[in-house]
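The chain is numbered in sequence order, starting from 1. Read the numbers this way: they start at 1 and go in the same order the structure lists the ligands and their atoms. What's counted below: heavy atoms across the whole structure, side chains too, no hydrogens, waters or symmetry copies.
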Amino acid sequence: MPTVLITGGHGGIGLGCSKYLASTYRANLVLAGRSLERVRPVADELSAAHDVNVSVLELDTSSMASVRSAATRCRAMLADGEIESLDAIVCNAGVRLNGPVSYNADGYESTFCHELFRSFPVGGATAGLCRRARPSRVHGQRHA
Ligand SMILES: NC(=O)c1ccc[n+]([C@@H]2O[C@H](COP(=O)([O-])OP(=O)(O)OC[C@H]3O[C@@H](n4cnc5c(N)ncnc54)[C@H](OP(=O)(O)O)[C@@H]3O)[C@@H](O)[C@H]2O)c1
């Protein structure tokens with residue numbers, strides 16, 4: 001079965017995508033989110049409902065340090081067999097275009113950072129981990 005990493009796969013559109021991947025393709029999932037307290041219960045529910053393996057990964061897509069640390073953790077998950085492969089990455093997590101202005105830990109305005117940079121650091125840091133033996137995908141979700 002393929003393994004798909006999805007950022008923000010525990011809520012909103014991302015959760016819909018996680019359910020679809022698990023139910024339709026029986027894909028194992030890695031749910032990446034900034035709060036494991038919010039991610040873990042959803043991971044457990046998805047795993048029980050669809051009989052797939054669902055791992056959790058701490059990742060704040062607005063922080064380069066967090067992206068690098070998540071990529072390192074991902075490598076360890078592959079090395080120790082927690083996940084068998086990494087076949088696709090869905091860069092879903094983001095922020096809405098409304099609401100108050102906020103800045104991430106690197107000093108970038110959050111929406112700017114998400115909309116312009118999020119797919120590239122996450123995809124770039126983890127794409128090399130995707131299985132090379134068969135086609136793999138990195139998908140970015142963004143406003144038109
Ligand atoms: N909804 C729409 O109409 C619409 C239209 C076009 C495009 N989109 C795009 O589709 C994507 C999902 O939209 P949505 O409406 O489902 O958003 P949402 O309901 O706000 O869900 C976003 C998910 O991403 C997580 N997340 C937010 N910031 C994060 C961060 N810095 N690091 C890691 N995870 C983070 C959230 O988890 P926590 O808050 O628990 O951390 C949540 O699970 C976004 O990229 C959005 O720009 C949405």
Should Asp87 and Val4 count as side-chain neighbours, where that means a heavy-atom distance under 4.5 Å? no

Could you list the atoms of ligand 1 found under 4.0 angstrom from a heavy atom of Gly8? 23 (C), 24 (O), 25 (C), 43 (O)

Ligand 1 contacted by Asn92 (non-hydrogen, < 4.0 Å): yes

Atoms in ligand 1 with a heavy atom of Leu59 nearer than 4.0 Å: 32 (N), 33 (C)

For ligand 1, which atoms sit closer than 4.0 Å to a heavy atom of Asp60? 30 (C), 31 (N), 32 (N)

Student check: side-chain heavy atoms of Cys91 and Thr61 closer than 4.5 Å: no

Could you list which atoms of ligand 1 come closer than 4.0 Å to a heavy atom of Gly12? 16 (O), 19 (O)

Let me confirm one number: the CG-CG distance from Leu5 to Asn92, rounded to the nearest 0.5 Å. 11.0 Å

Donor-acceptor pairs under 3.5 angstrom involving side-chain atoms of residues 37-49: please list them, not counting sequence neighbours.
from, atom 1, to, atom 2, distance (Å)
Ser47, OG, Val52, O, 2.8

Taking distance alone, with no angle check, do Gly14 and ligand 1 share an N/O pair under 3.5 Å? no

Which heavy-atom pair separates Thr3 from Ile83 by the least distance, and what is that distance? CG2-CG2, 4.3 Å

When you compare ligand 1 with His10, is there at least one nitrogen or oxygen pair between them that comes in under 3.5 angstrom? yes

Judged by heavy atoms only, the candidate from Ile6, Ile13, Leu31 nearest atom 4 (C) of ligand 1 is Ile13

Mind checking side-chain contact (heavy atoms from CB on, under 4.5 Å) for Glu82 and listing every partner two or more places apart, or none if nothing turns up? Ser55, Arg73, Met77, Asp80

